[in-house]
Amino acid sequence: MSTPEIIIDLDKIAHNVRTLKKLYSTRGISIAGVTKVMSGNARLAKILVQNGLEILADSRITNIKKMWCDGVNAKFVLLRTLLSEVEEVVKYAHISLNSDLSIIRALSKAAEKKNTVHQIILMIELGDLREGIMPIELNDVVRDILKLQGIKLVGIGTNLACFAGVKPDEKKMRQLSSIAEDLEKRFSISLPIISGGNSANYNWFMSTTDLGRINHLRVGESLYLGCEPLEKLPIPELSIDAFTLYAEVIESGMKPSAPKGETGMDAFGSKPEFKDYGSVQRAILAIGKQDVMTDGLTPPIGMTIIGANSDHLILNTHKTNLKVGDTVAFSINYGSLLSVMHSNTVAKKYVQTTNDSRVLSNSRGKRLTPQTTFSGS
Ligand SMILES: *Cc1c(COP(=O)(O)O)cnc(C)c1O
């Protein structure tokens, strides 16, 4: 094993894809598989497609282009549109999410130049304060969009629980539904896609008796990590350990818990605080902020992370006496997963375990025994 290394269990992801697709589709909601966390990796994208997702969504046109070129057979939705990329967008994305009229106009021109019509979903700001047209400006914007020859407005959407953590609850979803109905009536159009949000819509979906007009979600985190993002609670039946990160011990032993000497800033310009617990059993691992966003790592049960800098992560291993050369397995949150999948210092290994993933899903820090392995990224 080369370390640090992330092991990606494709069977567990496949299981999550099938389970979530079934859950949402039984009540008429189709899901787009969001691929931005995996940096346009075709092997992962193909797992999503093979297990039933016809639509993939990514925030970067470069990732969509990569998947397109690598033969991923899906409809692509672009989640974030740049004015400087409109030519590429109309070429590679089937649909793009938009919230700015000047970009939509440029998309229209680019589409007309290619003799096509580009489809857009108009994003509406419902309180999370990231992208979206303010509801009060909506009628004017839609009126202008409908005049554009190169654009077809195929739906509206909203994105909550991202920037400000605003919950996509019953009230927000009802608001989106009624905006859809109002626009349809006012302009005599039909809006086939009403895209209510992302993985954070799970709790709303499970608790509501009336989905209203919402018939589409863009789902990333819950497909990969098996949890809903607001409370980080596991979703029943899903695997929560499709990704495991391994790092190697380079020093192990007892050291004081409090530093000795006068202290100033640490290597990252902050001033860490230490409590004196006496001597503790510690291990230094060869992984750091250069490799992964270390804040989102969870060590095996019985160990805690003391801190990390660019190349070292320091563990309090409590009762466990690790040896130099041992590898320690970490589970990983979505932010850290994003950083690891884009890191060229962390090896990626794809495995397919035939084990029933649910049996293993709550154990942390275990060693996998892969039955089929691939290497490379
Ligand atoms: C990232 C993103 C998603 C997916 O969010 P998850 O929490 O991973 O499900 C959906 N929509 C937009 C606009 C996004 O940027």
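Fair warning: this is a prediction, and the values are worked out from it, not measured in the lab. When a ligand or atom number is given, it counts from 1 through the structure's own listing order. What you see below is based on every heavy atom in this structure, not just the backbone, and it leaves out hydrogens, waters and symmetry mates.
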Undergrad: What residue and heavy atom of the protein are closest to atom 11 (N) of ligand 1, and at what distance?
TA: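 The closest heavy atom on the protein side is Arg218 NE, 2.8 Å.
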Undergrad: Pair Thr208, Asp210 - check side chain to side chain donor-acceptor pair (under 3.5 Å), show working.
TA: CA-CA 5 Å; Thr208 188; Asp210 181 9; over 6 Å; no
Undergrad: Is there a heavy atom in Glu131 that sits closer than 4.0 Å to ligand 1?
TA: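 The answer is yes: ligand 1 sits under 4.0 Å from a heavy atom of Glu131.
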Undergrad: Who gets closest to atom 5 (O) of ligand 1 by heavy atom: Ile31, Leu78, Asn198?
TA: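 When every heavy atom of Ile31, Leu78, Asn198 is considered, Asn198 comes closest to atom 5 (O) of ligand 1.
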Undergrad: Which of the numbered atoms in ligand 1 are below 4.0 angstrom from a heavy atom of Lys36?
TA: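 The atoms of ligand 1 under 4.0 Å from a heavy atom of Lys36 are 1 (C), 2 (C), 3 (C), 14 (C), 15 (O).
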Undergrad: Looking only at the side chains, is there a donor atom on one of Asn41 and Tyr350 sitting less than 3.5 Å from an acceptor on the other?
TA: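 Note: Asn41 and Tyr350 side chains meet the donor-acceptor criterion.
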Undergrad: Taking atom types as modelled, is there a side-chain donor on Ser99 or Glu131 under 3.5 Å from an acceptor on the other?
TA: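 Their side chains do not contain a donor-acceptor pair, so the 3.5 Å distance test is not met.
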Undergrad: Side chains of Thr35 and Asp58: donor-acceptor distance under 3.5 Å anywhere?
TA: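 There is such a pair (donor and acceptor under 3.5 Å, judged by atom type) between the side chains of Thr35 and Asp58.
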Undergrad: So which of Tyr334, Tyr224, Tyr202 gets nearest to atom 8 (O) of ligand 1, if we judge by its closest heavy atom?
TA: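 Among Tyr334, Tyr224, Tyr202, the closest heavy atom to atom 8 (O) of ligand 1 belongs to Tyr334.
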Undergrad: Where on Asn159 is there a heavy atom closer than 4.0 Å to ligand 1, on the side chain, on the backbone, on both, or on neither?
TA: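 It is the side chain that touches ligand 1; the backbone stays farther off.
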Undergrad: Quick one about Asn159 and Asn198 (side-chain donor to acceptor, distance below 3.5 Å, no hydrogens or angles considered), yes or no?
TA: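 Side chains of Asn198 and Asn159: pair found under 3.5 Å.
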Undergrad: What atoms of ligand 1 come closer than 4.0 angstrom to any heavy atom of Val219?
TA: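 Close to Val219: 9 (O).
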Undergrad: With a heavy-atom distance limit of 4.0 Å, tell me whether Arg80 approaches ligand 1 through its side chain, its backbone, both, or neither.
TA: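 Arg80 to ligand 1: no contact under 4.0 Å from either part.
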Undergrad: So which heavy atom in the protein is nearest atom 9 (O) of ligand 1, and how far is it from that ligand atom?
TA: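 Answer, as residue, atom name and distance: Ser199 OG, 2.5 Å.
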Undergrad: Number the atoms of ligand 1 from 1 as they appear, then name those within less than 4.0 Å of a heavy atom of Glu221, with their elements.
TA: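 Answer for ligand 1: 6 (P), 8 (O), 9 (O).
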Undergrad: Would one find an N or O of Ala200, backbone or side chain, under 3.5 Å from an N or O of ligand 1?
TA: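 Between Ala200 and ligand 1, no N or O pair is found under 3.5 Å apart.
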Undergrad: Determine whether more than 12 heavy atoms belonging to other residues, nucleotides or ligands lie under 6.0 Å from atom NZ of Lys114.
TA: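 Yes, NZ of Lys114 has more than 12 neighbouring heavy atoms, counting only those of other groups under 6.0 Å.
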Undergrad: Do side-chain atoms of Asp128 reach the backbone of Gly165 as a donor and acceptor pair under 3.5 angstrom?
TA: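 Yes, Asp128 side chain to Gly165 backbone: donor-acceptor pair under 3.5 Å.
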Undergrad: State whether the shortest distance between N or O atoms of Arg130 and N or O atoms of ligand 1 falls below 3.5 angstrom.
TA: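 Arg130 vs ligand 1: N/O contact under 3.5 Å present.
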Undergrad: Could you pull out all donor-acceptor pairs under 3.5 Å where a side-chain atom in residues 279-286 meets a protein atom, sequence neighbours excluded?
TA:
| residue | atom | partner | partner atom | Å |
| --- | --- | --- | --- | --- |
| Gln281 | NE2 | Asn321 | OD1 | 3.1 |

